[in-house]
Protein chains: 2
Amino acid sequence: MQPTRPEIEEAFRRVGLRRTPQRFDVMDFLLRHPVHATADQIYEELNRRDPRVSRATVYNSLRSLMEAGLVREVAMEGKAARFDAYLRRHHHFVCDRCGKVEDVDFFDLPARERDQVIGTRRVREFQVTLYGLCEACGR
Amino acid sequence: MQPTRPEIEEAFRRVGLRRTPQRFDVMDFLLRHPVHATADQIYEELNRRDPRVSRATVYNSLRSLMEAGLVREVAMEGKAARFDAYLRRHHHFVCDRCGKVEDVDFFDLPARERDQVIGTRRVREFQVTLYGLCEACGR
DNA sequence: TTTTGTGCAAAAGGTTTGCATACGA
DNA sequence: TCGTATGCAAACCTTTTGCACAAAA
């Protein structure tokens, strides 16, 4: 989109991604809407603003952004995947009722239990997903 | 299949699920193969043993088992869903290389951090997923 | 100029559904 | 018997792919 968003340009440069308008817009959308949109929601919005944007390109962009580590896919039971700008570590909260996915601040695991449980596996990363009722649904 | 498996019959009775051969076999398969099979893998195996088993019925059975809380769906980024008999709480480990999903023993989260992070949301459950290299791939 | 991305439409999974029939309780 | 599950095939939804053209570095 219009506002230059130097952080995106810088991130693209850092990971060696070409700056195409479509790819830029996908990243921009994810940063502006931290609501874990589906590929289709991203497509609808970008295509409405600029009809040149195709569904395939949204998927392609998401893939390159994921491969570059700037975006993460949040696998959702049964439903379409959701996407998440991943510039800083965090966990997720999924509302049982409205299905919304919210970011929650990162926190670490208790080292003792974790080490006991992982045995000799080499753990690169972990992700905590909490389920329950979000603030709006919970009252 | 053949061996009566009283634990399954009992679980079905407990949650009020009819005992059909197909449904029973799906549950039995998941208990015998704690490898987080896809619906299609379950279908292939059951249909090979008994050609009367259809794909739709495998999906239907998985759905009723999930609704009854006996089975859990493990959402996998990009790929087909995997299914997991969920008679006791546990977490998951996903191998980056071979894609295998392993159960790891349940452990709790540090209460302080968790409460800070969830704020006023009502958390019903949580799930930790660890990523890395499994024992076989790690050396 | 070289390489990579884009758009389109078609294809490929994976999962759900409608309907007549079969089966469990 | 009554109500629910099954099997089949078709429908559906999401995602990927092949190819010719366009744009980035």
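A, B, ... follow the sequence lines: proteins, then strands. Residue 1 opens every chain. The structure displayed is predicted, hence computed values, not measured ones.
- Taking every side-chain heavy atom of A:Tyr59 into account, D:dT15 is the closest of D:dT6, D:dT15, C:dA25.
- When the nearest nucleotides of DNA chain D are assigned to B:Asn47 and B:Arg18 by heavy-atom distance, the more 5′-ward of the two goes with B:Arg18.
- Rounded to whole Å, the distance from CG on A:Leu62 to P on D:dT17 is 15 Å.
- Protein atom CG of B:Leu17 is 15 Å distant from nucleotide atom C1' of D:dG3, rounded to whole Å.
- Rounded to whole angstrom, the span from the CZ atom of B:Arg23 across to the C1' atom of C:dA22 amounts to 14 Å.
- Using a 4.0 Å cut-off between charged nitrogen and carboxylate oxygen, A:Arg48 and A:Glu45 count as a salt-bridge pair.
- With rounding to whole Å, A:Met76 atom CE is found 12 Å from D:dT15 atom P.
- Checking D:dT17, C:dG5, C:dT15 against every side-chain atom of B:Ala39, the shortest atom distance belongs to C:dT15.
- Rounded to whole Å, atom C1' of C:dG24 lies 11 Å from atom CD of B:Gln22.
- Note: CZ (A:Phe24) to P (D:dA23) measures 19 Å, nearest angstrom.
- Across the protein-nucleic acid pair, B:Ile42 atom CD1 and D:dT6 atom P stand 14 Å apart, rounded to whole Å.
- Electrostatic pairing of B:Arg55 and B:Asp40 counts as a salt bridge here, judged by a charged N lying under 4.0 Å from a carboxylate O.
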Throw together a table of side-chain donor-acceptor distances under 3.5 angstrom for residues 60-70 of chain B, partners on residues two or more places apart or in other chains.
residue	atom	partner	partner atom	Å
B:Asn60	ND2	B:Ala56	O	3.4
B:Ser61	OG	B:Thr57	O	2.8
B:Ser64	OG	B:Arg23	NH1	3.2
B:Ser64	OG	B:Asn60	O	2.9
B:Ser64	OG	B:Ser61	O	3.4

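- Two residues, A:Thr38 and B:Val58, neighbour DNA chain D, and the one matched to the more 5' nucleotide by heavy-atom proximity is B:Val58.
- Side chain of A:Arg19, nearest nucleotide from D:dA25, D:dT15, C:dT6: D:dA25.
- Note: CD (A:Glu9) to P (D:dA25) measures 10 Å, nearest angstrom.
- With C:dT15, C:dC8, C:dG24 as the choices, the nucleotide that has an atom nearest any side-chain atom of A:Ala56 turns out to be C:dC8.
- For B:Ser61, the side-chain atoms get nearest to D:dT6 when compared with the rest of C:dT6, D:dT14, D:dT6.
- Figure legend: cation-pi geometry between B:Arg19 and B:Phe24, with NZ or CZ positioned under 6.0 Å from the six-membered ring centre and within 45° of its axis.
- For B:Thr57, whose side chain is taken as the heavy atoms from C-beta onward, the closest listed nucleotide among C:dT6, D:dT6, D:dT15 is D:dT6.
- Distance from the side chain of A:Thr20 is smallest for C:dG5 among the nucleotides C:dG5, C:dT15, D:dT14.
- A:Val123 shares a hydrophobic cluster with A:Phe93, A:Val104, A:Phe106, A:Phe107, A:Leu109, A:Val117, A:Ile118, A:Phe126, A:Val128, A:Leu130, B:Phe93, B:Val104, B:Phe106, B:Phe107, B:Leu109, B:Val117, B:Ile118, B:Val123, B:Phe126, B:Val128, B:Leu130; the chain of contacts runs through ILVMFWY side chains whose heavy atoms sit under 4.5 Å apart.
- Of the listed nucleotides (C:dT6, C:dT15, C:dT17), C:dT15 has the atom at the smallest distance from the side chain of B:Ala81.
- Residue side chain B:Arg63 does not reach the base of C:dT16 through any donor-acceptor N/O pair under 3.5 Å, judged by distance alone.
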